[in-house]
Amino acid sequence: MTAVTYELIKVCKQSGARLGKLNTPHGTFETPMFMPVGTLATVKTISPEELKEMGAGVILSNTYHLWLRPGEDIVRAAGGLHQFMNWDQGILTDSGGFQVFSLSDLRDITEEGVHFRNHLNGEKLFLTPEKSIAIQNALGSDIMMAFDECPPYPASYDYMKASVERTSRWAERCLKANKKPETQSLFGIVQGGEFEELRRQSARELTSLDFPGYAVGGLSVGEPKDIMNEVLTYTTPLLPDNKPRYLMGVGSPDSLIDGAIRGIDMFDCVLPTRIARNGTCMTSNGRLVIRNAKYARDFGPIDENCDCHVCKTYSRAYIRHLVKANETFGFRLTSYHNLYFLIKLMECVRQAIREDRLLDYREAFFEQYGFNKP
Ligand SMILES: CNc1nc2cc3nc(NC)[nH]c3cc2c(=O)[nH]1
Ligand SMILES: [Zn+2]
């Protein structure tokens, strides 16, 4: 009995993208899906009620951050992350692997685990596969991620090969450490950088462990988008058809569409809320920088093709004013709209798959957004 299962509904005849259902203990959600990131048990400035209103199903939280602050014991005492943050839909926690490498001045990777410094106070810490899973069990997420190494980009073949093999050994230790497989499913993370042979090795080693789901890791780490797309093209077919595939840390509208076309079911990225906090909005006609003086007297919506609450209620002029005055409400409005934009984009992607026209949708979306412009 696994907590999370995946059901393939259909494959788009035009693009090969998949329409599916992700069944979790906290609900069933259609895929391809975008998962808002709630690093510290909140999707910054947005309430759970607003997340539900915009159609968010699964959200992400970070094991590393919650381990440091407030500590997994407090979240456990609250009854788990769902109760703690008042979110009754799906929660996925990453394992801390990526944050350790990207946030703290890395000390040392050993077979046992990773020694590093707490990025908040410099204290020495040690994270292992077993500790990462114990924290995620305490958080009570529906989907847990294996503790892996996401090597820097670029990395040498020899470094990447050794890293892939250690990540596979860590993955097996994670599976053994999961105390609640009936309510919390662990996903394995395929590594291997841009080396097809290593991606094949990583996929082979991880699929032999029969995880309930798989992530493609080691991407969206600075590599060109065509490299990411090339890696996806030969990696996703190595993963089982009846399991969900999650592309970590992605992404921008074009990458979401191109990832879905290459067989990805789940995405997460901080982009929508991060760019919102400096006043940049995603619109159907491309990015809009609301601070620009040309919007000072523009009383239209952020995006005339968006039916979100923000676009139906507030003007560009008003949001520009709030953002320039550094008013928190301004960042709530830009964050809400950007999240809504990506969640609705995935609804359009799913509809295009139902109607076998995702490549046509891609062409029209890219044209209007301006992705094709040289
Ligand atoms: C939890 N493990 C894990 N997280 C990740 C998060 C990422 N976030 C990005 N771009 C923003 N790339 C990522 C790769 C990994 C990865 O390879 N492993
Ligand atoms: Zn909107």
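Start at 1 and go down the list; that is how both ligands and their atoms are numbered. These numbers come from the heavy atoms of this one structure, side chains and all, not from hydrogens, waters or symmetry mates.
- For F366, the ring-ring contact (aromatic ring centres under 6.0 Å, His included) criterion is met by F371, not counting sequence neighbours.
- Residues S163 and E149 come closest through the heavy atom pair OG-OE1, 2.8 Å.
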* Asked: Does the ring-ring contact (aromatic ring centres under 6.0 Å, His included) test come out yes or no for F211 and F187, once each step is laid out?
  -> CA-CA 6 Å; F211 283 94; F187 283 17; 8.6 Å; no
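- Classification of D303 and K344 as a salt-bridged pair fails, no side-chain N sitting under 4.0 Å from a carboxylate O.
- Counting only protein N, O or S atoms, the number found under 2.8 Å from the Zn ion (ligand 2) is 4.
- Judged purely by distance below 3.5 Å, without hydrogens or angles, the side chains of D268 and Y246 pair a donor atom with an acceptor atom.
- Using a cutoff of 4.0 Å between basic side-chain nitrogens and carboxylate oxygens, E205 and R169 are not scored as salt-bridged.
- Under 4.0 Å is where a charged nitrogen must lie from a carboxylate oxygen, and between E112 and R173 at least one such pair does.
- At a threshold of 4.0 Å, the pair D88-K52 counts as salt-bridged, since one of the basic side-chain nitrogens sits closer than that to a carboxylate oxygen.
- If you look at ligand 1, the protein residues with a non-hydrogen atom under 4.0 Å away are D94, S95, F98, D148, C150, I189, Q191, G217, G218, L219, S220, V221, M248, G249.
- Applying the side-chain hydrogen bond (donor to acceptor under 3.5 Å, both in side chains) criterion to D254, with sequence neighbours excluded, gives K225, S252.
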